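To keep things clear, I will list the structure first and then write my remarks on it.
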Number of protein chains: 2
Amino acid sequence: MGISKTEHYSNKHNEIAVLLKAVAHPARVAILEHILKVNACICNDIVNELPLAQPTISQHLKELKNAGIIIGSVEGNSICYCVNEKAIAKLLKLFEGYSGKIEKNKNKCC
Amino acid sequence: MGISKTEHYSNKHNEIAVLLKAVAHPARVAILEHILKVNACICNDIVNELPLAQPTISQHLKELKNAGIIIGSVEGNSICYCVNEKAIAKLLKLFEGYSGKIEKNKNKCC
DNA sequence: TATCTATATTGCAATATTACAATTATAAAA
DNA sequence: TTTTATAATTGTAATATTGCAATATAGATA
């Protein structure tokens, strides 16, 4: 991304950005929604759903996992990926907070 | 970003990714929260708040504006930036939807 | 008009992301 | 043990992002 000045921002803002960045890609949005839909997902399943090669999807899954958006548990030969409730709750609360602030300040500007 | 295959994903997933990507940077999270806090923002105000040069902030504001996260209206010499209620509402609904799906499927997996 | 003030644009260097082919690792099945 | 199936890792090319210095633009004010 270029010379990112992570250390200059607050921890809070960095953490929010990491979570959001993990979801901020059409392939990862699709993966997330697919996992939510079938609710017992294995990687190969997604390979058949998306127009991406297996290594690419594996990489996207890794990023979602690193950010804590999904959790993977080994299940015999394959891996079961599930969405991390806490991460989604965190993002939900974030936008609830933003939304609330907009309501509160309505008609003060613009 | 590399060879992005935007045309292979659904419009819905692309639109979500564009919105999220706009916010998915610590500087832009900080800018967004600052605008919400002071609720009548001018760019120079942010330059004094963040450890970034004026052109860099101007660029971040442009990205937020292009994605529809904020709206800018000229006010004499300076510009008044406000958060776009609709964009935040869209993101709020998105995560409400995700959160709901997790609740529904609880204990089926992982 | 000349000048100041606020913001945008341009151009560029440094770095990050995306995607995939080839390969590897691991566990189940034969 | 060999084979098969599933998923991760490695290496690399193409492209996007970030940040800033220098410059430009536009409105306000003297």
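By convention in this document, chain letters (A, B, ...) are assigned in the order of the sequence lines, proteins followed by strands, and residues within each chain are numbered from 1. On a predicted model such as this, the values are computed, not experimentally measured, just so you know.
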Is any side-chain nitrogen or oxygen of B:Tyr9 closer than 4.0 Å to OP1 or OP2 of C:dA19?
-> yes
Across all chains, not counting sequence neighbours, the side-chain contact (heavy atoms from CB on, under 4.5 Å) partners of A:Ala17 are B:Pro26
Specify the separation, in whole Å, of atom CG of B:Leu61 and atom P of D:dT17.
-> 17 Å
With a 4.0 Å cut-off on heavy atoms, is B:Ser58 in touch with a base, just the backbone sugar-phosphate, or nothing at all?
-> base
So how far is it from A:Lys90 NZ to B:Phe95 CZ, rounded to the nearest 0.5 Å?
-> 13.0 Å
Taking C:dT17, C:dA19, C:dT7 as options, the one with an atom nearest any side-chain atom of A:Lys21 is C:dT17
Integer-rounded Å distance: C:dA6 P and B:Asp45 CG | 11 Å
B:His60 side-chain N/O to D:dG19 phosphate OP1/OP2 under 4.0 Å = yes
Could you give the CD1-to-P distance, from A:Ile46 to D:dA7, as a whole number of Å?
-> 9 Å
Applying side chain to side chain donor-acceptor pair (under 3.5 Å), name anything that partners A:Tyr98, two or more places apart in sequence or on another chain.
-> B:Glu33
Proximal nucleotide (of C:dA8, C:dC20, C:dT7) relative to the A:Ala53 side chain = C:dC20
Find the distance B:Ile79:CD1 to C:dT5:P and express it as a whole number of Å.
-> 18 Å
For B:Ile42, which contact category applies under a 4.0 Å heavy-atom criterion: base, sugar-phosphate, or nothing?
-> sugar-phosphate
Check every atom of C:dA8, D:dA7, D:dT18 against the side chain of A:Asn44 and return the nucleotide holding the closest atom.
-> D:dA7
Taking side chain to side chain donor-acceptor pair (under 3.5 Å) as the test, write out the residues that go with B:Ser78, two or more places apart.
-> none
Going through the checks in order, is the side-chain contact (heavy atoms from CB on, under 4.5 Å) test met by A:Lys65 and A:Leu61?
-> CA-CA 6 Å; A:Lys65 206 168 64 179; A:Leu61 285 168; over 6 Å; no
Contact class for B:Thr56 (heavy atom, under 4.0 Å): base, sugar-phosphate, or nothing?
-> base
Whole-Å distance between C:dC20 C1' and B:His8 NE2?
-> 13 Å
Under 4.0 angstrom, heavy atoms only, what part of the nucleic acid is A:Leu52 near: base, sugar-phosphate, or nothing?
-> sugar-phosphate
OP1 or OP2 of C:dA6 sitting under 4.0 Å from any side-chain N/O of B:Tyr81?
-> no
Using a 4.0 Å cut-off on protein heavy atoms (strictly under), produce a 5'-to-3' string for nucleotides 22-30 of chain C with B for base contact, S for backbone-only sugar-phosphate contact, and - for none.
-> B----SS--
Name every donor-acceptor pair, under 3.5 Å, that has one atom in a side chain of residues 41-56 of chain A and the other anywhere in the protein, sequence neighbours excluded.
unit_1  : atom_1 : unit_2  : atom_2 : d
A:Asp45 : OD2    : A:His34 : NE2    : 3.3
A:Asn48 : ND2    : A:Asn44 : O      : 3.3

Could you state the atom-to-atom distance from CG of B:Leu64 to P of C:dT7 in whole Å?
-> 15 Å
Ranking D:dG19, C:dT7, C:dT18 by distance to the side chain of B:His25, first place goes to D:dG19
From D:dT9, C:dG11, C:dA19, nucleotide with atom closest to B:Gln59 side chain = C:dG11
Rounded off to whole Å, could you give me the CG-to-P distance for the A:Leu20 and C:dT17 pair?
-> 15 Å
May I have the distance from B:Asn66 (atom CG) to C:dA8 (atom C1'), rounded to whole angstrom?
-> 13 Å
Compare side-chain N and O positions of B:Lys62 against OP1 and OP2 of C:dT9 and report whether any pair is under 4.0 Å apart.
-> yes
Which ring-ring contact (aromatic ring centres under 6.0 Å, His included) pairs, counting each pair once, include a residue from residues 41-60 of chain B, with sequence neighbours left out?
-> B:His25-B:His60
Hey, quick one: are B:Val18 and A:Val29 part of the same hydrophobic cluster, counting side-chain heavy atoms closer than 4.5 Å, chains of contacts allowed?
-> no
